[in-house]
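Worksheet for the structure shown next.
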Amino acid sequence: MPVSLNYVVKRTVWALLVIIGVIVFSYIFLYLAPGDPAYIWAGRPRGVNATIAIMNARRELGLDKPLPVQILLFIKNVFTGNMGVSIEYKQPVSVIIWRGLTATLELLIIAYLIGVSLGVLLGIYSALKRNTRLDHGLQVLAITLANAPSFWLAIGLIVALAYLTGFTGYGRVDTRLAIATGFRPITGFYLLDSLIEGNIPVFIDVLLRILPPAIIVATYPLGLGIRMARALIAETLGEEYVKAAIAWGVKRRTVIWRYAFKGTIPSLTQVLGLAFAYSLVDAMIVEIVFGREGLGSLAYHIIGKSDFPLVIGLMITVTAFYIIVNTLADILQAMIDPRVRL
Amino acid sequence: MVLNSEPVVETRDLSIGYLDEYDRVWWVVIGVNLRINEGETYCIVGESGCGKSTLGNALIGILPPYAETRGIIRIMGEEIVRDDKHCYWKSRGRIVSYIPQNPGKALHPFMTIHVQFKHLYRARGLRLDDRGVAEKASRILELVGLDPDEVLDSYPHELSGGMQQRAAIAMAVSTGAKIIVADEPTSSLDANLRLQILKLLRKIKEELGITLIMITHDLVQASKNCERIGVMYAGRIVEEAPVKEIFRNPQHPYTQLLLETVPVLGVVKELKTIPGEPPRPGEYPPGCPFHPRCPFRIDKCSREEPVLRKINGKHYVSCWLR
Amino acid sequence: MTIEKSRMQKRIRGIKELFSRAWKRRPVFRAGVVIALTLLFMAILGPFIAPYPSEGWGIPPATSRGAQPPSPEHPFGTDAAGRDILSRILIGAGMALFQIAVVVSVSLAIGLLVGSVAAYYGGVMEKILNYFTETFMAFPAIIVALALNSLFGRGLMVVLLSLIITWWSWYARIAYVNARSTREMEYVLLAELSGLPRYRILFRHILPNISTPVIVQAITDTGSVLLEAASINFLGLGLPTDYPDWGVLVQNGFNYIYSYPWISLIPGAFILVAALGLSMLGDSLREEMDPRLRRRWRLWF
């Protein structure tokens, strides 16, 4: 590996620092909110048990201690996976979130597999056919896809599919089919699980249910892929090394793929990594519209219900996901580019 | 020098211009006639922006898509057609090769030297396995004075500037082309490396029987390696002669002034500079392009453009005073 | 100077020149301008030209007509409470522009200041400000809106605050990157040597020089801000149910997508077109700033 350990360590430490910053900010958020933090943390309880719930919250947050100690305690709790108990679901926040995260990630990964591969291919094609009608058409398509509100596209697709095929059953898997075939999630990624178990009917069912939402989530990476790949290829085609390769008689296809495209991979990794992290929220919204389980539905059900521990848990999870993916993309980029030796 | 043979590189009234975003053409090379014989080293000398690199790119066949050309280029007696639809020239890299100005940028940063050689051999239609590539490349790398074991598996950025240039020369030679255009091959290097690279070029040229076209801004360098020099100014060849003739008997005022800027070892003299600035590419003055800076100009210079005329033997100059 | 004028590639200096060049040369930019101006007209004239203004503001009609499909009387149909969708959309345009304007201008101000101060002052200040910038870049607006919503309930402030909290950091980053290269410029050094106070240099030399790229980015972002705000409102985190906001309008129809799909689909189309137009504006400006993509091109090798 051309990347030194030093760079990886430095990048990781920085990411950890930023995650800690996010946690501290979340706590301060709770602290600055009007009203008693313990009261909010306990879910604004009423009635007989209210006093006990607030007392418990007070102890859990360490509110009798000075603020810095409270924050440290909170950070420690988050890193040990103890983010409190959801008021709405009456289960530990970390457990609920983990269950939702696998569902959302599955959707996101499928969407990116579709969106990125297609987008990058079309983008390269567009760059090679620059300033033709086809290129202009692809650019318009790309900018439209990147700007379409995903919740609206999702509604449109649901309506269209309902009219065309009459299909309205969304969700992750047909429960009756799952029970009938004895499907049991292992990792939480149902596509993977059904393959591991060799349960083909469930695999097909899960795939069919995941495709429509995945197509909607894929619109953003598709549009971005087209635009980024086009711009980056156009740039590397003007590089000196491409010129030299052409002058030395290297074939066109090799020049395009082995020279020009290869030169864009690090930047593409970084940009698309950022987009991947960013799209988690997009996937959550699409989940809500399609009524799939996942982080999105989790969040949607607690709107207006003052389940503060779960809200903070979600905030930290989604933000940490963003930071981790971004850091990984940076490290990956550095690994691909042999010049980076920080 | 074989006089009666066909020149390997010939251009006739070659003009090259670049289209700008408003579809105007900015001509940077104007009516150049070159005749370069087999095994010769021809040097194109000129200040930056005089169109010498563009001329070189035209000979290699790597003009950018927004370039316009007029006139004829003949290489090995065959006329090159710049086909709009498809390829500029199919034998690019097989007959004419290229030594880049900045080897640090011309070698792909993400591929080892070995892989880059592999692509070059593939381009020639050689299907070699990794060992075959290594063997073949090693021979050339040794020829250019590099240690194959050290270089082959390195990435370009791990090599020093001189090593990069040697590697680039090796690649240029490995294409098997017999004509090589070297665009300022030493301008990105230190002074002592320059001499080494120039020596290397001479050695390679003699060993492999290559016709070398050097493009440089440095008359001293030109004198070290070349047989004939074409002095370029504002897109035109203003004087062309064998090296000795140029140094002994320069005819064009520009050449004379250029020579006075060159320091000569052991001679104490005042180094001069040429007054004024070279014209920007594509904005050449009318008449003789040099007349705004020429100390000997006459009225005619600003009105009519002189043509390249034979003075004696192989000495040509375009000046109204000769 | 004639030579300067006829350079083959001109450097683009001010935002004004950038606009006029883009207008002359880019159809995409012209389309964007048309859409943005239409949006502006809708926002200004909406309350006056809306056929049913009170319904547009969210008050149900006295005699409920229920959800009606598009008809000559109601070109976009009516929603479940019988309100004319066209009127709601027209009045919603102002709401959309208002949210965009507040979010972008406030985040722009914060971002420019933080970024340029970090770049110019350097040292510990740079480290701390960059750390803050990076931390806030990680927060997604919708999640912050969820948190704000659980503390304060629904409201305009939730939308604006959550977007500002998450958006300023991006401008700070761009401002920082640009200001750092400006800091090394000679005229800044000269100004420093001449003993000008640092805040004066910051305001007189650094900020004007980095404003063009940052403003172009801000124009590009207006489309994204609209999308994010619409998402927040669609999820029911921001504006209340009867508000004339496009996101809220889509939400209103969400429960009826199988029976009355137009309630959601038509306002959503307006979000798409508006966001698209605004992005086209910014994108074509950015391409105009970047000379690499201006070259003519065809596959030539």
Side-chain angles (χ1 to χ4, degrees), chain A residues 14 17-19 21-22 25-26 29-30 33-34 40 128-132 139-140 143-144 146-153 155-156 158-159 162 168 227 231 234-235 238 246 252 255 278 280-281 284-285 288-289 299-300 302-308 311-312 314-315 318-320 322-323 326, chain C residues 27-28 131-132 134-144 146-154 223-224 226-227 230-231 234-237 246-247 250-251 253-254 257-258 261 264-265 267-269 271-280 283 287 290 292-293 295-301:
Chain A
W14 178 251
L17 275 178
V18 176
I19 291 178
V22 166
F25 177 80
S26 309
F29 205 68
L30 172 71
I40 297 171
L128 297 178
K129 303 265 169 200
R130 208 152 112 203
N131 292 345
T132 61
Q139 290 311 304
V140 171
I143 194 170
T144 312
N147 281 296
S150 51
F151 56 89
W152 179 73
L153 282 181
I155 292 174
I158 291 175
V159 171
T168 55
R227 294 168 61 71
E235 199 182 317
I246 296 166
R252 175 192 286 178
V255 169
Y278 174 83
L280 183 69
V281 176
M284 285 167 66
I285 296 174
I288 293 170
V289 179
Y300 195 59
I302 54 164
I303 290 175
K305 294 210 175 122
S306 65
D307 186 350
F308 211 76
V311 168
I312 291 286
L314 274 172
M315 182 142 101
V318 174
T319 316
Y322 177 92
I323 297 164
N326 233 336
Chain C
V28 173
Y131 175 68
F132 269 105
E134 190 116 339
T135 307
F136 277 87
M137 278 170 100
F139 281 105
I142 290 167
I143 302 293
V144 175
L146 179 69
L148 286 173
N149 176 281
S150 70
L151 286 177
F152 305 110
R154 282 178 157 198
S224 319
L226 176 64
L227 284 182
S231 303
F234 166 73
L235 292 177
L237 295 169
W246 293 350
V250 179
Q251 168 68 48
F254 183 43
I257 51 173
Y258 292 118
S264 282
L265 290 181
I271 302 175
L272 166 66
V273 174
L276 182 62
L278 294 172
S279 295
M280 275 156 69
D283 272 344
E287 264 177 48
D290 183 2
R292 275 180 308 223
L293 290 172
R295 276 273 178 227
R296 315 166 111 265
W297 166 264
R298 69 169 178 273
L299 192 60
W300 56 281
F301 54 86

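Lettering of chains follows the sequences in order, A, B, ..., and the numbering in each one begins at 1.
The closest side-chain heavy-atom distance from M284(A) to I143(C) is below 4.5 Å. Contact annotation: the side chain of F151(A) never approaches that of L235(C) to less than 4.5 Å [non-hydrogen atoms, C-beta and beyond]. Counting only heavy atoms from C-beta outward, the side chains of R227(A) and D283(C) approach each other to under 4.5 Å.
Interface check for chain C: of the options V159(A), I19(A), I323(A), V22(A), the most heavy-atom pairs under 4.5 Å are formed by V22(A). In terms of heavy-atom pairs under 4.5 angstrom with chain A, the leader among A230(C), G223(C), G247(C) is A230(C).
Taking every heavy atom of both residues into account, I271(C) and P149(A) meet most closely at CG2-CG, 3.8 Å. Considering every non-hydrogen atom in both M315(A) and F139(C), the closest pair reads CG-CE2, 3.8 Å. Across all their heavy atoms, P140(C) and V281(A) have their closest contact at CB-CG2, 3.5 Å. The shortest non-hydrogen separation linking L272(C) to N147(A) is CD1-O, 3.8 Å. Closest approach of Y258(C) to I158(A), counting heavy atoms only: OH-CG2, 3.2 Å. The shortest heavy-atom contact between G236(C) and I303(A) is O-CG2, 3.9 Å.
Both the backbone and the side chain of I257(C) come within less than 4.5 Å of a heavy atom of chain A. Contacts of F132(C) with chain A are absent, with no heavy-atom separation under 4.5 Å from either backbone or side chain. Both the backbone and the side chain of L148(C) come within contact range of chain A, each with at least one heavy atom under 4.5 Å from a heavy atom of that chain. Contact annotation for A269(C): both backbone and side-chain heavy atoms come within less than 4.5 Å of a heavy atom of chain A. For V140(A), no part sits under 4.5 Å from any heavy atom of chain C, backbone or side chain. Both the backbone and the side chain of L17(A) come within contact range of chain C, with heavy atoms under 4.5 Å apart.
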- Starting from the C-alpha separation in whole Å, work towards a yes-or-no answer on side chain to side chain contact (heavy atoms under 4.5 Å, CB included) for F234(C) and W152(A). CA-CA 10 Å; F234(C) 166 73; W152(A) 179 73; over 6 Å; no

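The CD1 atom of I288(A) lies 10.0 Å from the OG atom of S231(C); values are rounded to the nearest 0.5 Å. Between M280(C) atom CE and T144(A) atom OG1 the span is 7.5 Å, to the nearest 0.5 Å. Rounding to the nearest 0.5 angstrom, the gap separating the CG atom in L146(C) from the OH atom in Y300(A) is 12.0 Å.
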